[in-house]
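This report concerns only the one structure given below.
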Protein chains: 2
Amino acid sequence: MLELHKQAEEMIRARGERATSARVHVLATLLAEQRAVAHHEIEERVRRKQKLDRVTLYRVLEWLQEKCLVHRVVSADRIWLFRANLDAHPHPHAHFECTRCTTVICLDDMKAEYDRQLPPGYRSHEIELRVKGLCAECT
Amino acid sequence: MLELHKQAEEMIRARGERATSARVHVLATLLAEQRAVAHHEIEERVRRKQKLDRVTLYRVLEWLQEKCLVHRVVSADRIWLFRANLDAHPHPHAHFECTRCTTVICLDDMKAEYDRQLPPGYRSHEIELRVKGLCAECT
DNA sequence: AGTTAAATGCAACTTTGTTGCAATACTACC
DNA sequence: GGTAGTATTGCAACAAAGTTGCATTTAACT
């Protein structure tokens, strides 16, 4: 736990940014998870240890994302889920969503190229791939 | 225009369902578009000709979807976009989203299989693929 | 320790979508 | 063509997710 706080703080300072209490707690919380986590869940967890405003959390998450310390993915019910980036320069990757427990995890780097022809004049520069199914616990 | 209303009404009656004014207008509006359209835009268009409550529109769209007359896809800002199904039994397909004008269109049938190994115990039964880039008009 | 820009908390607001219930409209039947 | 009965609609109120403006506090630098 304390380990993760240290790690979070270092990740932020390594970028030459201000390591505020809110940022460190939020990032540490995300580092503790192997999955993508929703705003309300992060809020709940951080609040056990620290006062934290809803709005501040929105701003912290936005900031962490700008700094590439975190990335986000849309959940099945169309809210953002956040996941700490272990790698400094994260590669695009696919996500897996369990249709029963709604957990979202990151899959390996995705090399899928969209091999079909796009309509004339269209250009692609990014691909989002989401695999839905049942996770190990829900199978 | 009138053509589309007739077409919409026939599509609904072909399923043995009640062709109400709201359903016909909404479906005709979607049939007129070659792209996926947001709730607020449908609302605005239908209202030029017909009184229509927000809630009714939500319910009509849900109903059209259940009857497979329409399918929906999440937009970049996480709202639902709706598109009329030309085919009675629509195949899964990919979507293209223009990052400038945010227009979403449907692409050809997607045969993309996720060829990577999932974690042990995980099973996939559906894949969602979204290509982002610039459309012909924004290039 | 003091200074200062950046970050935070609070209140109010917006957008998207949902629920319950009473009023209305569509269809089938006569 | 009128009517009965159920499905659909409109209204009001609500809920969740996210945003904005502004005054206050805090982190980092000297």
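Chain letters run A, B, ... following the sequence lines, proteins first and then strands; every chain starts at 1.
Atom-to-atom, CG of A/Leu57 to P of C/dG9 comes out at 10 Å; the value is rounded to the nearest Å. One interatomic measurement links the two molecules: CD of A/Glu62 to C1' of D/dT20, which rounds to 12 Å at whole-angstrom precision. Spacing between atom CH2 of B/Trp80 and atom P of C/dT18 amounts to 10 Å, rounded to whole angstrom units. Summarising the geometry, the separation between CG on A/Asp53 and C1' on D/dA23 is reported as 14 Å, rounded to the nearest angstrom. The separation between B/Leu52 atom CG and D/dT8 atom P is 15 Å, rounded to whole Å. Atoms OH (A/Tyr58) and P (C/dG9) sit 15 Å apart, rounded to a whole Å. Note: CG (A/Leu81) to C1' (D/dA17) measures 13 Å, nearest angstrom. Distance CD (A/Glu17) to P (C/dT8): 12 Å, rounded to an integer number of Å.
Judged by distance alone, with hydrogens and angles left aside, the side-chain atoms of A/Arg18 form no donor-acceptor pair with the main-chain N or O of A/Ile12 at under 3.5 Å. Looking at B/Arg78, its side chain never comes within 3.5 Å of a backbone N or O of A/Asp77 through a donor-acceptor pair.
Taking 4.0 angstrom as the limit, A/Lys51 places a side-chain polar atom (N or O) nearer than this to OP1 or OP2 of C/dC10. The shortest distance between the side-chain N/O atoms of A/Ser21 and the OP1/OP2 oxygens of D/dT26 is not below 4.0 Å. Applying the 4.0 Å criterion to OP1 and OP2 of C/dC26, one finds that B/Thr20 has every side-chain N and O outside that range.
Ion pairing between A/Glu97 and A/Arg130 holds under the 4.0 Å rule for side-chain N and carboxylate O.
Judged by atom type and distance alone, A/Arg54 reaches the base of D/dG18 through a side-chain donor-acceptor pair under 3.5 Å. Residue-to-nucleotide contacts include a donor-acceptor pair under 3.5 Å from the side chain of B/Arg59 to the base of D/dG10.
Taking for each of B/Arg23 and A/Arg13 the nucleotide of DNA chain D with the nearest heavy atom, the 5'-most of the two is the partner of B/Arg23. For A/Val55 and A/Arg18, each mapped to the nucleotide of DNA chain C holding its nearest heavy atom, the one lying further toward the 5' end belongs to A/Arg18.
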Query raised in the report: How far apart are the C-alpha atoms of A/Glu17 and A/Lys67, what are their side-chain angles, what is the distance that settles it, and do they pass the side chain to side chain contact (heavy atoms under 4.5 Å, CB included) test?
Result: CA-CA 9 Å; A/Glu17 301 287 345; A/Lys67 302 300 171 190; 3.2 Å; yes

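Ranking C/dA7, C/dT16, C/dG9 by closeness to the A/Thr56 side chain, first place goes to C/dG9.
Using a 4.5 Å cut-off between side-chain heavy atoms of Ile, Leu, Val, Met, Phe, Trp and Tyr, with links allowed through other members, A/Leu134 and A/Ile105 fall into different hydrophobic clusters.
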